[in-house]
Amino acid sequence: MFFKQSRSYALERYLTPLDNFLAMLHRQYIGRNKFISICLSLAVYISILLIWGNSLKISSNYFILLPIISVTICYGLAGGFIAGSLGLPLNLLAFHIMGHPEYAPASLVVAEASGILVGLVMGYLSDYFDKLNREIHKRRITEEKLRRTLADKEILLQEVNHRVRNNLNIIKSLIQLHVNRVDDPLFREECRKLSQRVFSISLVHEQLYREGNSNYIDLKDYLSVLLENILTGAGKGGVHLKTCWPAGDHPVISDRVIYLGLIVHEVIINSIKYAFKGVDFPQITFDLALDNDQYQIIIRDNGTGIEEGGRMESSKGNGLGMKLISSLTAQIGGTAQFRSDKGMVFHLTFPSK
């Protein structure tokens with residue numbers, strides 16, 4: 001997103017097509033051929049005097065502005081001052097050669113002052129225009145460097161996410177190797193839960209790798225894959241999962257998604273492990289909603305509730321899972337609550353930004 005937006009440099013939004021044309025004209029022709037430009041303006045000025053001078057008479061004085069403007073465009077403030085100072089003498093010389101000294105302005109002082117003023121103002125504007133062009137050129141170069149740097153950073157970040165994902169998968173494989181070598185049911189169960197926690201983290205880096213340059217993950221995409229994997233990994237194919245998602249995309253920064261994934265994992269595993277003893281149709285309901293810049297996650301099951309089946313201790317914070325939930329909830333600035341209502345209800349609220 002930023003990469004695309006950066007291509008429309010802010011200053012260029014205020015430049016009209018005429019501005020761009022004049023800049024190109026100044027850069028390609030006037031700036032590179034100053035002497036020719038000045039000579040051309042002088043030729044136009046002399047031609048007007050020779051062709052229409054007798055008709056224009058005293059009005060011919062105004063056309064001295066052509067070479068004055070040409071010099072100021074080429075040489076800025078200094079050139080404008082010199083050209084403005086020489087404008088009146090040049091006019092008087094031309095009228096003398098033409099044999100019409102009466103075409104001279106009535107007030108030589110006013111005419112001289114006017115020429116100098118025009119030269120200074122045009123010279124200042126010419127210098128200012130050059131400064132703007134140099135600034136635009138400099139910022140375009142800087143922007144291009146930043147664009148290349150950003151592209152390099154995005155590639156590097158993508159590679160980091162790829163390597164982190166691979167390393168986490170290696171860790172999962174090592175855990176599985178230890179599980180296969182040990183027959184202790186408690187050890188195998190703890191390793192399985194550890195493997196699921198590692199998967200919750202690796203899934204974030206996998207989605208970041210697929211997204212490329214984004215540091216945000218869509219919450220719905222992440223949690224839907226996570227929930228499906230938790231149920232499959234727990235070997236509880238008989239547990240029915242019902243989900244409810246808000247409309248639209250809901251990007252969340254990756255660090256917070258990792259915490260959310262671990263929280264959801266602990267709650268779902270808690271339900272799968274303790275809730276459904278003697279329940280004919282086990283069901284878990286997952287509800288994600290956005291309300292007034294606050295995300296709400298509500299997880300329900302139709303099991304025995306938190307006060308039965310050994311779930312009271314984990315809901316009061318004595319188990320590792322509940323300690324993780326409490327700590328991770330604080331990390332995202334949220335609040336979490338367990339309660340019983342025809343089963344267990346977990347309610348998590350956290351800010352969207």
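Just so you know, residue 1 is the first one in the sequence shown, and it goes up from there.
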Trainee: Can you check whether P351 reaches R256 side chain to side chain, under 4.5 Å on heavy atoms?
Mentor: yes
Trainee: Using the ring of each side chain (for Trp, its six-membered ring), is F95 parallel, tilted or perpendicular to Y103, with breaks at 30° and 60°?
Mentor: perpendicular
Trainee: Sub-3.5 Å donor-acceptor pair from the side chain of D127 to the main-chain atoms of L77, do we have one?
Mentor: yes
Trainee: When you measure from the side chain of N302 to the backbone of Q283, do you find a donor-acceptor pair of N or O atoms at a distance under 3.5 Å?
Mentor: yes
Trainee: Which side-chain N or O atoms in residues 105-121 pair as donor and acceptor under 3.5 Å with protein atoms at least two apart or in another chain?
Mentor:
residue, atom, partner, partner atom, Å
S107, OG, V110, N, 3.3
S114, OG, V110, O, 2.7

Trainee: Check whether S126 reaches the backbone of T72 with its side chain - one donor and one acceptor, N or O, closer than 3.5 Å.
Mentor: yes
Trainee: Quick one: list whatever passes side chain to side chain donor-acceptor pair (under 3.5 Å) with Y259, sequence neighbours left out.
Mentor: none
Trainee: Start with the C-alpha distance between E144 and R148, add both sets of side-chain angles, then the distance that settles salt bridge (charged side-chain N to carboxylate O under 4.0 Å, His left out), and finish with yes or no.
Mentor: CA-CA 6 Å; E144 184 61 32; R148 290 196 298 267; 3.8 Å; yes
Trainee: Quick one: does M344's side chain get under 4.5 Å of S271's, heavy atoms only?
Mentor: yes
Trainee: Step by step, would you call K242 with D287 a salt bridge (charged side-chain N to carboxylate O under 4.0 Å, His left out)?
Mentor: CA-CA 8 Å; K242 182 179 179 181; D287 185 2; over 6 Å; no
Trainee: Kindly say whether D221 contributes a backbone atom to a donor-acceptor pair with the side chain of D218 at under 3.5 angstrom?
Mentor: yes
Trainee: Taking the six-membered ring for Trp, is the centroid-to-centroid distance between Y295 and H250 below 6.0 Å?
Mentor: yes
Trainee: Distance-only, no hydrogens or angles: does the D301 side chain make a donor-acceptor pair with backbone N or O of G303 under 3.5 Å?
Mentor: yes
Trainee: Checking side chain to side chain contact (heavy atoms under 4.5 Å, CB included) between P246 and each of L288, D291, L219, which is the one that passes?
Mentor: L288
Trainee: Measure from the side-chain N and O atoms of N91 to the backbone N and O of N61, and report whether any donor-acceptor pair falls under 3.5 Å.
Mentor: yes
Trainee: Donor-acceptor pairs under 3.5 angstrom involving side-chain atoms of residues 48-60: please list them, not counting sequence neighbours.
Mentor:
residue, atom, partner, partner atom, Å
N54, OD1, H100, NE2, 3.2
S60, OG, K57, O, 2.9

Trainee: Answer whether the closest heavy-atom distance between the side chains of I297 and L223 falls below 4.5 Å.
Mentor: yes
Trainee: Using the benzene-type ring in the case of Trp, are the ring centres of F63 and Y45 under 6.0 Å apart?
Mentor: no
Trainee: Between S70 (side chain only) and L66 (backbone N and O only), is there a donor and an acceptor less than 3.5 Å apart?
Mentor: no
Trainee: I'd like to check I325 versus V267 (side-chain heavy atoms, cut-off strictly below 4.5 Å). Are they in contact?
Mentor: yes
Trainee: Heavy atoms, side chains only, cut-off 4.5 Å: are Q296 and H347 in contact?
Mentor: yes
